[in-house]
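Okay, structure first, notes after.
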Amino acid sequence: MNTSEELIPTSFPSSTPIDLEEAARCCELHPEMIEEFVRGHFVTAHRDEEGQLIFDAGGLLRLRQISILQREGRASLKILRYIVSLIEELELKDEELRKLREQNR
């Protein structure tokens, strides 16, 4: 699939936390750029006992979304921040809707 047909993912298949280097490889981002995204609160990461960044499936998903948005739209950091906040808001609303549907069963 070429990048113009690539969709922004809504889930990430990995359930095993991975380190910065592996995240960079699988999300096609430079490790230093990922560190900037973590510092800028675009994505959440955890630190292991040695202080190295570790990403869970949610963090990897967000990195992949950012990677695709950058490639497809050449989005600035300001635009990325806005898009990421909209995605987060949609995810929260989706969760609220799911809970309401469960209550009405």
Checklist entry - So which heavy atom on Arg81 is nearest to which on Gly40, and how close? => result NH1-O, 2.9 Å

Checklist entry - Do Ser67 side-chain atoms and Cys27 backbone N/O form a donor-acceptor pair below 3.5 Å? => result yes

Item to check | Heavy-atom check, side chain of Pro31 versus side chain of Glu21, under 4.5 Å | outcome: yes

Next on the checklist: I want to check something: taking the side chain as every heavy atom from C-beta on, are Asp94 and Arg98 in contact at a cut-off of under 4.5 Å?
Outcome noted: yes

Item to check | Glu95, CD: over 12 other non-hydrogen atoms inside 6.0 angstrom | outcome: yes

Next on the checklist: Please evaluate residues Ile68 and Arg71 with respect to the criterion side chain to side chain contact (heavy atoms under 4.5 Å, CB included), reporting the C-alpha separation (whole Å), side-chain torsions for both, the decisive distance (0.1 Å), and the verdict.
Outcome noted: CA-CA 5 Å; Ile68 291 168; Arg71 264 198 325 273; 3.6 Å; yes

Checklist entry - Got a salt bridge between Lys99 and Glu102, using NZ or NE/NH1/NH2 to carboxylate O under 4.0 Å? => result no

Checklist entry - Mind checking whether Leu97 and Arg101 have side chains closer than 4.5 Å, heavy atoms only? => result yes

Item to check | Heavy-atom closest pair, residues Phe37 and Gln70 | outcome: CZ-NE2, 3.9 Å

Checklist entry - Going from CG on Leu86 to CD on Glu89, what distance comes out if it is rounded to the nearest 0.5 angstrom? => result 6.5 Å

Item to check | ILVMFWY network linking Leu20 to Ile54, side-chain heavy atoms under 4.5 angstrom | outcome: no

Checklist entry - Do the side chains of Asp19 and Leu53 get nearer than 4.5 Å, heavy atoms only? => result no

Checklist outcome for this item: One should read off an interatomic distance between Asp56 CG and Thr16 OG1, to the nearest 0.5 angstrom, of 11.0 Å

Next on the checklist: Please give me the minimum heavy-atom distance between Val38 and Phe55, naming the atom from each residue.
Outcome noted: CG2-CE2, 3.9 Å

Checklist entry - To the nearest 0.5 Å, how far apart are CD1 in Ile18 and CZ in Arg25? => result 8.5 Å

Checklist entry - Does one hydrophobic cluster hold both Ile79 and Ile87, with members joined at side-chain heavy-atom distances below 4.5 Å? => result yes

Item to check | Atom CZ of Arg39: over 12 foreign heavy atoms under 6.0 Å | outcome: yes

Next on the checklist: Could you see if Leu80 belongs to whatever hydrophobic cluster contains Ile34? Use Ile, Leu, Val, Met, Phe, Trp, Tyr and a side-chain cutoff under 4.5 Å.
Outcome noted: yes

Item to check | Arg62/Glu91 salt bridge by N-O under 4.0 Å criterion | outcome: yes

